[in-house]
Amino acid sequence: MRLPEPRGPLTDALTRDLLTRSPLPASTHEIADQLVARVDDALTDDDLQLALAICYELHYRGFEGVSDDWEWDTGLLGLRAGLERAHLAALRGLVGPVTATDESIDRQITALIDADESPSLSSYMSKHGTAEQWREYLTLRSVYHLKEADPHTFAIPRLSGRAKAAMVEIQADEYGGGSAARMHSELFAGLLRDLDLDAGYGALWDEAPAAAFASVNTMSLFGLHRRWRGAALGHLTAVEMTSSEPSRRYSAGLRRLGHDERTTVFYDEHVEADAVHEQIASVDMCGSLVAEEPELAADVLFGAACSLAMDGLAASHLLGAWEAGSSALYRERALAA
C-alpha cells in the first residue's frame, strides 16, 4: 500500500522521513514529543493516531517505496514508544480502573459486557442506515477488517498449552480454515466491492477517521508487546462475545437496502462463527491463561474493556456526525474545514 496523506506536522514529517531519510532526524522526534505534550485526547487526534498506525503497519505489509529496514529502526521504535504511552494513558482514562476478583474470568468478562452502555451502532444500521452511511461505516471498519485477525495473531507465540491451542482454533476460522476465499478479510473485501468502495488493502486510509485507527492501534499495541498478551486475549474475547448478534443486525440492514447473501456473507459468517468462538475464547483461552498466570487476570479484563470502549468510541463518532447532518469521514471533514 502507499503511504497515506499526512494529517498534521508529525505524519507530514514521518512520511517524508520514511521515504528519504535514515536515521530518523531529531526534528521528527521533537515534533512527536510536542504533539504528545499538547494533545487533549490521544484517541481522537488524527495526527497521532495515523502516525502510530504508520509505525505499526511496518510490522504488517509495509508501504510502497519504504525500506523494510525501518521495521526495527531503533529511532523509529523510540518515537513509537512515546506515542504508545500517550495511547495507553488515554485508554486507561477512558475505561477507568479494572480490578480482577476471585470469580471465573469468563464471568468477569461477561459482567463487563453486560455493564457496557455504549450506543448500539448495529441497531441503527439495521433500521435506519442509508446507503451512504453504510459506505462511511465500512470505510471506518476497513482499517481493521482488511487485516482481520492479524493484530491478535501476534500474541500466539507468547502463549502455551490450552490457551495457545484455543487461540489457534479461533484464528484458524478467521483465516478461512485454509481457504483463501473464505478468509474474513476477503469476505469483507467483497462487501466493499458490492457497495462500490475500493477494496484494496489500505486504500481507504485517507478517508478513515481517527476512531478507526485508534481501534486497530489498540489491537496492534496489545498483540506486539508480550507485556500485554493478557490484554490481547481479553480484547479478542470481547470481540467474539459481542459480535454474533450485532452481525445479525448488520446483515438485516444490508438486506433492507436490497442486498442478498452474496453481500451479507461477511456478517452471516460472523453470526455462526462467533457464537461458537464465544465459549472457546472466554473459557478455554482466557480461562486457561489465567489459571496458568493468575497475575494476568486484570490485564485480560483491561483488554476486554478496551475493546468495548473502542467500539463505543467509533459508534459515538459515526452517530454523532450523522445526527449533526455531516460526514463522519476524515477527508470530508478536512475539505469542509
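Below, all heavy atoms of this structure are taken into account, side chains as well, without hydrogens, waters or symmetry copies. One is the number of the first residue; the rest follow in order along the sequence.
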Side-chain contact test, heavy atoms from C-beta onward, threshold under 4.5 Å: evaluate it for H317 versus T44 and give yes or no. no
If you look at every heavy atom in I54 and F63, which pair is closest and at what distance? O-CE1, 3.6 Å
Would you check if the side chain of Q108 reaches a backbone N or O of E103 as a donor-acceptor pair within less than 3.5 Å? yes
Polar side-chain atom of R158 near backbone of G223 as donor-acceptor pair, under 3.5 Å: yes
Test the R80-Y56 pair against the cation-pi criterion, namely NZ or CZ under 6.0 angstrom from the six-membered ring centroid and within 45° of the ring axis. no
Do R92 side-chain atoms and A89 backbone N/O form a donor-acceptor pair below 3.5 Å? no
S179 side-chain N/O to G176 backbone N/O, donor-acceptor pair under 3.5 Å: no
Testing the 3.5 Å rule here: is there a donor-acceptor pair between the side chains of T264 and R255? yes
Can you tell me if R107 has over 12 outside heavy atoms packed within less than 6.0 Å of its CZ? no
Smallest separation among heavy atoms of L10 and A32, with atom names: CD1-CB, 3.8 Å
With sequence neighbours excluded, tell me which residues meet salt bridge (charged side-chain N to carboxylate O under 4.0 Å, His left out) with R162. E169, D284
Under 3.5 Å, is there a donor-acceptor pair between the S282 and D106 side chains? no
Report the C-alpha separation of E186 and R193 in whole Å, then their side-chain angles, then the decisive distance to 0.1 Å, and conclude whether the salt bridge (Lys or Arg N to Asp or Glu O under 4.0 Å) test is met. CA-CA 11 Å; E186 184 54 38; R193 287 189 288 268; 3.1 Å; yes
Any L112 side-chain heavy atom under 4.5 Å of L301 side chain: yes
Any side-chain donor-acceptor pair under 3.5 Å between S244 and E278? no
Can you tell if the side chain of E240 reaches within under 4.5 Å of the side chain of I280, non-hydrogen atoms only? no
For L138 and F188, run side-chain contact (heavy atoms from CB on, under 4.5 Å): C-alpha distance rounded to whole Å, both residues' side-chain angles, the deciding distance at 0.1 Å, then the answer. CA-CA 9 Å; L138 294 175; F188 186 79; 3.8 Å; yes
Is there side-chain contact between M219 and Y144, with heavy atoms separated by less than 4.5 Å? yes
Are any of the side-chain heavy atoms of D47 and P9 separated by less than 4.5 Å? yes
Shortest non-hydrogen contact from A212 to L140? CB-O, 3.3 Å
Can you find a pair of side-chain heavy atoms, one from E174 and one from H152, that are under 4.5 Å apart? no
Give the intermediate values and the outcome of side-chain contact (heavy atoms from CB on, under 4.5 Å) for residues R248 and H270. CA-CA 8 Å; R248 192 185 307 277; H270 283 77; over 6 Å; no
Should S22 and D69 be marked as a side-chain contact (heavy atoms from CB on, under 4.5 Å) after you check the CA-CA gap, both sets of side-chain angles, and the distance that decides it? CA-CA 10 Å; S22 181; D69 292 338; over 6 Å; no
Looking just at side-chain N and O atoms, do D173 and H277 make a donor-acceptor pair shorter than 3.5 Å? yes
Is a side-chain N or O of N217 found less than 3.5 angstrom from the main chain of F213, in a donor-acceptor match? yes
Checking H145 against E148: is there a side-chain donor and acceptor pair closer than 3.5 Å? yes
Please give me the minimum heavy-atom distance between L319 and P119, naming the atom from each residue. CD1-CB, 3.9 Å
Could you tell me whether E295 atom CD has more than 12 heavy atoms of other residues or ligands within 6.0 Å of it? yes
Other ILVMFWY residues reachable from Y175 by side-chain steps of under 4.5 Å: M183
Do Q49 and H87 meet the criterion of a side-chain donor-acceptor pair at a distance under 3.5 Å? yes
Test salt bridge (Lys or Arg N to Asp or Glu O under 4.0 Å) on R2 and E64; report intermediate values, then the result. CA-CA 5 Å; R2 62 171 179 80; E64 297 171 8; over 6 Å; no
Under a 3.5 Å cutoff, is there a donor and acceptor pairing between the side chains of R249 and S122? yes
Hey, does the side chain of T139 reach the backbone of R135 with a donor-acceptor pair shorter than 3.5 angstrom? yes
Taking every heavy atom of V98 against every heavy atom of F302, the minimum-distance pair comes out as CG1-N, 3.9 Å
Has the side chain of Q171 got a donor or acceptor atom that lies under 3.5 Å from a matching backbone atom of A149? yes
How long is the span from the OG atom in S307 to the CD1 atom in I113, to the nearest 0.5 Å? 8.0 Å
Roughly how far apart are L204 CG and L146 CG, rounded to 0.5 Å? 7.5 Å
Report yes or no: does D46 contribute a side-chain atom to a donor-acceptor pair with the main-chain N or O of A210 at less than 3.5 Å? yes
Give a yes or no on whether D114 atom CG has more than 12 heavy-atom contacts from other residues, nucleotides or ligands under 6.0 Å away. yes
In terms of side-chain heavy atoms, does E5 have a donor or acceptor partner in W205 at a distance below 3.5 Å? no
Apply side-chain hydrogen bond (donor to acceptor under 3.5 Å, both in side chains) to Y201 and K147, showing your working. CA-CA 8 Å; Y201 182 86; K147 59 157 59 78; 3.3 Å; yes
Just wondering, do R16 and D12 contact through their side chains at under 4.5 Å, heavy atoms? yes
Give me the atom names and distance for the closest heavy-atom approach of T15 to P6. OG1-CG, 3.8 Å
Quick one: does any side-chain atom of W322 pair with a main-chain N or O of S327 as donor and acceptor, under 3.5 Å? no
Ring-face cation of R7 near Y330 (centre distance under 6.0 Å, axis angle within 45°): yes
Set out, in order, the CA-CA distance, both residues' side-chain angles and the distance that settles salt bridge (Lys or Arg N to Asp or Glu O under 4.0 Å) for R38 and D33, then state yes or no. CA-CA 9 Å; R38 73 169 184 271; D33 292 342; over 6 Å; no
Looking at S126 and A252, would you say the former's side chain and the latter's main chain have a donor-acceptor pair under 3.5 Å? no
Within a strict 4.5 Å, meaning less than it, do heavy atoms of the M310 and L91 side chains meet? yes
Atom CE of M285 and atom CD1 of I170: how far apart are they, to the nearest 0.5 Å? 4.5 Å
Tell me which one of Y137, F266, Y124 satisfies ring pair (Phe, Tyr, Trp, His ring centres under 6.0 Å) with Y250. Y137
State whether a side-chain donor-acceptor pair under 3.5 Å links H128 with Q133. no
Neighbour count >12 (heavy atoms, 6.0 Å) for atom CG, D102: no
